[in-house]
Amino acid sequence: MAELQFFTGTMDSGKSTLALQTNHNRAQRGLVGRIFTSQDRAGTAMLSSRLGLQHQAIEVDAAFHFWKYVVDELTRGARVDYLICDEAQFYTRDQVDQLAKVVDDLQLDVFAFGILTDFRSELFPGSARLVELADRTHVLQVEALCWCGRRATHNARTEDGAMVVEGEVIVVGDVEQAGGDAPEGGPPEVAYEVLCRMHHRRRMTAARAHAVALGAEPLPFS
């Protein structure tokens with residue numbers, strides 16, 4: 001029986017690497033799949049991992065229709081055995097419903113990968129719908145770590161090095177840029193950082209913790 005499986009974790013927990021590995025394993029067995037992504041840091045129509053691995057993909061925007069795409073492919077005689085869906089948190093609820101229909105009505109396996117919550121600690125609509133509909137949900141065992149060494153559970157956004165909790169939900173940045181300086185006179189430098197719950201609540205990023213240690217900032221709640 002085909003399944004809709006959802007693999008989730010914080011940023012930096014290896015989701016895209018696992019997506020690429022899942023595709024590789026099935027391709028090695030002679031299966032033919034399609035890879036989808038949305039707003040990957042490597043650019044349009046590209047699935048990339050922070051280990052440097054990349055693969056061409058089909059870009060999913062708000063108008064993309066999974067059911068129509070797969071039916072059209074099968075109608076013209078193309079082979080489709082499974083779907084790999086990365087950055088699934090950016091999919092709409094309707095697109096996730098389409099993926100469930102692909103599984104149920106066409107008996108194709110769908111492997112979706114994405115983070116659960118945004119920088120405000122609120123569920124992405126796509127991820128929420130996946131939790132509601134997935135046959136199986138897997139929490140990745142590769143634990144990202146907060147700067148303090150605890151398990152990271154929250155995704156934080158920074159602008160010019162300062163953590164923010166308001167703004168547009170989808171703004172592309174990278175974990176590796178956290179703490180960088182923006183060019184003078186330009187737009188704010190947007191970056192992301194994974195934190196434990198306590199330091200996310202306190203807005204204590206690695207850069208701020210370093211400033212506190214140097215005496216440049218008072219301790220929180222002091």
Side-chain angles (χ1 to χ4, degrees), residues 1-116 124-127 129-131 133-142 170 172-176 192:
M1 293 290 290
E3 288 188 323
L4 171 58
Q5 297 189 47
F6 181 38
F7 299 81
T8 186
T10 60
M11 293 181 294
D12 238 3
S13 62
K15 296 179 301 302
S16 296
T17 301
L18 180 58
L20 290 166
Q21 184 67 51
T22 300
N23 178 68
H24 173 77
N25 290 350
R26 279 154 182 77
Q28 287 292 96
R29 297 296 178 266
L31 300 177
V32 178
R34 298 291 187 276
I35 300 176
F36 302 89
T37 192
S38 182
Q39 304 184 63
D40 189 277
R41 61 190 165 275
T44 302
M46 186 67 66
L47 191 164
S48 68
S49 80
R50 290 187 175 84
L51 297 182
L53 305 173
Q54 291 188 347
H55 198 291
Q56 288 188 330
I58 299 164
E59 185 72 16
V60 176
D61 59 19
F64 188 84
H65 201 286
F66 283 102
W67 173 259
K68 183 178 185 302
Y69 172 87
V70 175
V71 169
D72 287 348
E73 287 288 282
L74 296 174
T75 300
R76 70 178 182 85
R79 180 176 174 182
V80 182
D81 295 313
Y82 62 90
L83 307 184
I84 301 289
C85 300
D86 198 31
E87 304 293 355
Q89 70 272 9
F90 296 141
Y91 300 176
T92 67
R93 290 178 62 87
D94 186 55
Q95 286 169 334
V96 175
D97 286 342
Q98 295 162 23
L99 291 174
K101 186 176 181 180
V102 167
V103 173
D104 295 340
D105 294 359
L106 301 178
Q107 286 298 296
L108 300 182
D109 284 313
V110 173
F111 305 93
F113 303 80
I115 59 179
L116 276 178
F124 281 100
S127 297
R129 192 60 174 153
L130 278 163
V131 170
L133 294 184
D135 296 293
R136 286 191 282 171
T137 297
H138 311 267
V139 178
L140 298 190
Q141 297 304 305
V142 177
I170 302 175
V172 177
D174 203 337
V175 183
E176 296 166 1
Y192 291 89

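Predicted model, so just to flag it, every value in this text is computed and none were measured.
- F6 pairs with exactly one of D135, L116, L99 by the side chain to side chain contact (heavy atoms under 4.5 Å, CB included) rule, that one being L116.
- What you find for D86 and S16 is that their closest heavy atoms are OD2-OG, 2.7 Å.
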Test side chain to side chain contact (heavy atoms under 4.5 Å, CB included) on L130 and L4; report intermediate values, then the result.
CA-CA 9 Å; L130 278 163; L4 171 58; 4.1 Å; yes
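- Distance check, rounded to the nearest 0.5 Å: CG of L31 to OH of Y82 gives 6.5 Å.
- Put simply, the side chain of L106 reaches to within 4.5 Å of the side chain of W67, judged on heavy atoms.
- A distance-only check finds no donor-acceptor pair linking the side chain of S38 to the backbone of E87 [under 3.5 Å].
- We find the OG1-NE2 distance between T92 and H65 to be 9.0 Å, quoted to the nearest 0.5 Å.
- In this structure, OH in Y91 is found 13.0 Å from CZ in F124, a value given to the nearest 0.5 Å.
- The nearest pair of heavy atoms linking Q95 to V60 is NE2-CG1, 3.7 Å.
- In this structure a side-chain-to-backbone donor-acceptor pair under 3.5 Å is present from Q98 to F66.
- Between the side chain of T8 and the main chain of G114, a donor-acceptor pair closer than 3.5 Å is present.
- A heavy-atom distance below 4.5 Å is not found between the side chains of V103 and M1.
- Across all their heavy atoms, V96 and G126 have their closest contact at CG2-O, 3.7 Å.
- Considering OG1 of T44 and CD of E59, their distance stands at 5.0 Å, rounded to 0.5 Å.
- The side chain to side chain donor-acceptor pair (under 3.5 Å) check on R136 picks up E3, with sequence neighbours excluded.
- The line from NE2 of H55 to CD1 of I84 is 10.0 Å long, rounded to the nearest 0.5 Å.
- N25 CG to R29 CZ: the interatomic distance, rounded to the nearest 0.5 Å, is 7.0 Å.
- Counting non-hydrogen atoms of other residues, nucleotides and ligands closer than 6.0 Å to CD of Q56 gives a total of 12 or fewer.
- R93 and P125 make their closest contact through CG-O, 3.6 Å (heavy atoms, listed as atom of the first residue, atom of the second, distance).
- Ring-plane geometry between F7 and H138 is classed as parallel, the angle between the planes falling under 30 degrees on a 0 to 90 degree scale with a further cut at 60.
- Relative orientation of the Y69 and F36 rings is perpendicular, given thresholds of 30° and 60° on the angle between their planes.
- The heavy-atom pair separating T137 from A134 by the smallest distance is OG1-CB, 3.8 Å.
- Among T22, I58, L47, the single residue meeting the side chain to side chain contact (heavy atoms under 4.5 Å, CB included) criterion with I35 is L47.
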